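Notes follow the structure.
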Amino acid sequence: MSDKKLIFSGIQPTGTFTLGNYIGAIRNWAPLQEEYNCIYSIVDMHAITVRQDPVKLRQNSLEAYALIMACGIDPEKSIAFIQSHVKTHAELNWILACSTQFGELSRMTQFKDKSAKHADDVNAGLFTYPVLMAADILAYNADLVPVGVDQKQHLELARNIAQRFNQKYGDFFTVPEPYIPKVGAKVMSLQEPTKKMSKSDDNPNACILILDDKDTIIRKFKRAVTDSDMEICYREGKDGINNLMTIYSAVTSKNYEEIEKEFAGKGYGDFKIAVGEAVADHLQPVRDNFTRLINDKAYLKECYTKGAEKALRISQKTVSKVYRKVGFVDAR
Ligand code: TYM
């Protein structure tokens with residue numbers, strides 16, 4: 001790897017990605033490949049912190065891998081792999097767990113939300129989830145981590161874990177910085193625009209999936225909840241319109257002022273259709289690429305196998321050094 005700064009990010013294979021995943025995270029991954037050394041992972045070990053159907057999980061992981069490639073991740077430029085293929089993540093997870101406090105894990109809002117939602121399965125993996133995330137990042141000494149706003153708290157914890165380890169054992173880990181986009185770091189639900197857009201939403205109209213066809217996308221936008229006002233402008237209290245403006249801005253690169261001008265005097269109905277069309281057109285190449293890639297299983301396998309080999313080579317070095325630092329006897 002060259003001297004460029006290192007990026008690490010991951011996404012859970014829990015079904016087709018949402019427009020939130022896309023705008024808040026993945027669409028920023030491809031351009032970063034030109035400037036940084038990038039490592040991207042399909043984090044299947046994180047996914048099993050909530051109950052998964054094994055057959056579906058396997059299929060979702062392959063689809064997720066094909067999807068990140070469909071969004072422009074080039075396995076020749078970046079290292080792209082499936083988390084469970086690289087055993088060092090689990091190994092480092094244990095060491096880091098011993099530098100993480102019960103109290104700080106208890107404060108994680110995602111744990112509170114998910115344990116309320118899955119009250120019948122509040123397992124230890126769900127609780128220690130952010131430690132594995134820290135292991136993902138620290139195994140490569142990543143400098144930057146591109147994520148949406150909802151992952152900021154986990155990243156703060158990863159930084160604290162790195163700093164604590166460095167204090168205990170001497171400077172070793174790079175303390176990672178979050179890399180959060182200016183527009184679209186939190187895309188909201190189309191049905192309840194004060195809540196983040198999420199694939200686990202019970203209402204299918206709340207969430208755009210990036211493989212939805214054009215008609216479905218437009219239909220969901222037409223049903224988007226707005227307000228009783230008539231003006232298309234970005235203003236506090238206009239959560240629904242603000243969200244649509246953010247989405248439109250993210251896919252057209254127009255700023256809010258330009259959007260306000262474009263739709264001055266027009267109604268919400270016209271605006272919703274325009275947003276739907278812009279999103280569907282923007283996502284069309286992703287859908288086309290995905291269809292091609294998912295039908296070439298041999299190529300996908302070649303890519304994720306090579307990706308895992310490269311990831312293991314790098315992270316193995318980190319873990320060996322960590323083992324020595326904490327006082328484990330050399331295995332060789
Ligand atoms: P996950 O799989 O929930 O989401 C993947 C990425 O999508 C972003 N995102 C959003 N951004 C804007 N608006 C939304 N509505 C929205 N919903 C999701 C997330 O912020 C994330 O960047 N714990 C992580 C996966 C992970 C990871 C890592 C990330 C595991 N290890 C190491 C970075 C580094 C997660 O569950 O993301």
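Just follow the structure's listing: the first ligand is 1, and inside any ligand the first atom is 1. Everything numeric in this text was worked out from a predicted model, so none of it was measured.
The six-membered or imidazole ring of Y129 lies away from that of F111, with a centre-to-centre distance of 6.0 Å or more. Ring to ring, F8 and Y40 are not that close: their centroids are 6.0 angstrom or more apart. Between Y248 and H282, the ring centre distance reaches or exceeds 6.0 Å. No close placement of the Y299 and Y304 rings is indicated, their centers lying 6.0 Å or farther apart.
Proximity of a side-chain donor or acceptor of K325 to a complementary backbone N or O of Y169 within less than 3.5 Å is detected. No donor-acceptor pair closer than 3.5 Å links the side chain of N166 to the backbone N or O of D171.
Scanning the protein heavy atoms around atom 2 (O) of ligand 1, the nearest turns out to be Q12 N, 2.9 Å. Summary of contacts: the protein heavy atom closest to atom 23 (N) of ligand 1 is Y129 OH, 2.6 Å. Atom 15 (N) of ligand 1 has V187 O, 2.8 Å as its closest protein atom, hydrogens excluded (heavy atom only). The single protein non-hydrogen atom nearest to atom 28 (C) of ligand 1 is M133 CG, 3.4 Å, given as residue, atom name and distance. Shortest contact from atom 6 (C) of ligand 1 to any protein heavy atom: A25 CB, 3.6 Å.
Put simply, no part of F17 is less than 4.0 Å from ligand 1, judged by heavy atoms.
The proximity of M188 to ligand 1, defined as any non-hydrogen pair under 4.0 Å, does not occur for either the backbone or the side chain. In S41, neither the side chain nor the backbone holds a heavy atom less than 4.0 Å from any atom of ligand 1. Under 4.0 angstrom from ligand 1, the non-hydrogen atoms of I137 all belong to its side chain.
For the pair V275/M245, no side-chain contact is recorded, criterion being any heavy-atom separation below 4.5 Å from C-beta on. Looking at L144 and P176, their side chains never come closer than 4.5 Å, going by heavy atoms from C-beta outward.
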query: Does the pair V50 and Q52 meet the rule for a side-chain contact (heavy atoms from CB on, under 4.5 Å), with working shown?
result: CA-CA 6 Å; V50 300; Q52 301 288 338; 3.6 Å; yes
- prompt: Can Q191 and M197 be said to form a side-chain contact (heavy atoms from CB on, under 4.5 Å), step by step?
  reply: CA-CA 9 Å; Q191 290 298 314; M197 181 182 284; over 6 Å; no
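An N or O contact shorter than 3.5 Å links M197 to ligand 1 by distance. For ligand 1, the polar-atom distance check finds no N/O of S9 at less than 3.5 Å from any of the ligand's N/O atoms. The shortest N or O to N or O distance between G20 and ligand 1 is below 3.5 Å. Taking any N or O of V149, backbone or side chain, none lies under 3.5 Å from an N or O belonging to ligand 1.
Of all the atoms in ligand 1, the ones that sit under 4.0 Å from a non-hydrogen atom of A185 are 11 (N), 12 (C), 13 (N). Atoms of ligand 1 found under 4.0 Å from any heavy atom of I11, numbered from 1 in the order shown, are 2 (O), 5 (C). The contact set between ligand 1 and G24, taken as ligand atoms under 4.0 Å from a residue heavy atom, comprises 11 (N), 12 (C). Proximity to K196 (heavy-atom distance under 4.0 Å) selects the following atoms of ligand 1: 15 (N). Under a 4.0 Å criterion applied to the non-hydrogen atoms of G184, ligand 1 contributes the atoms 12 (C). Close contacts between ligand 1 and K186 involve ligand atoms 12 (C), 13 (N) [criterion: under 4.0 Å to a heavy atom].
In summary, the side chains of Q83 and S41 do not present any donor paired with an acceptor at a separation below 3.5 Å, with no hydrogens or angles considered. Between the side chains of T291 and D288, no donor N or O sits under 3.5 Å from an acceptor N or O.
Within the set V145, N243, L138, the minimum heavy-atom distance to atom 34 (C) of ligand 1 is found for V145. Around atom 25 (C) of ligand 1, the closest heavy atom drawn from G148, G10, S198, P130 belongs to G10. One option in H46, Q83, Q151 has a heavy atom closer to atom 24 (C) of ligand 1 than any other, and that option is Q151. Relative to atom 7 (O) of ligand 1, the option among D150, I7, N21, L19 with the closest non-hydrogen atom is N21. Taking only non-hydrogen atoms, the option from T246, V147, L155, D136 nearest to atom 31 (N) of ligand 1 is D136.
Closest approach of W29 to S9, counting heavy atoms only: CZ2-OG, 3.4 Å.
Between F165 and F172, the ring planes lie tilted relative to each other; the angle falls in the 30° to 60° range.
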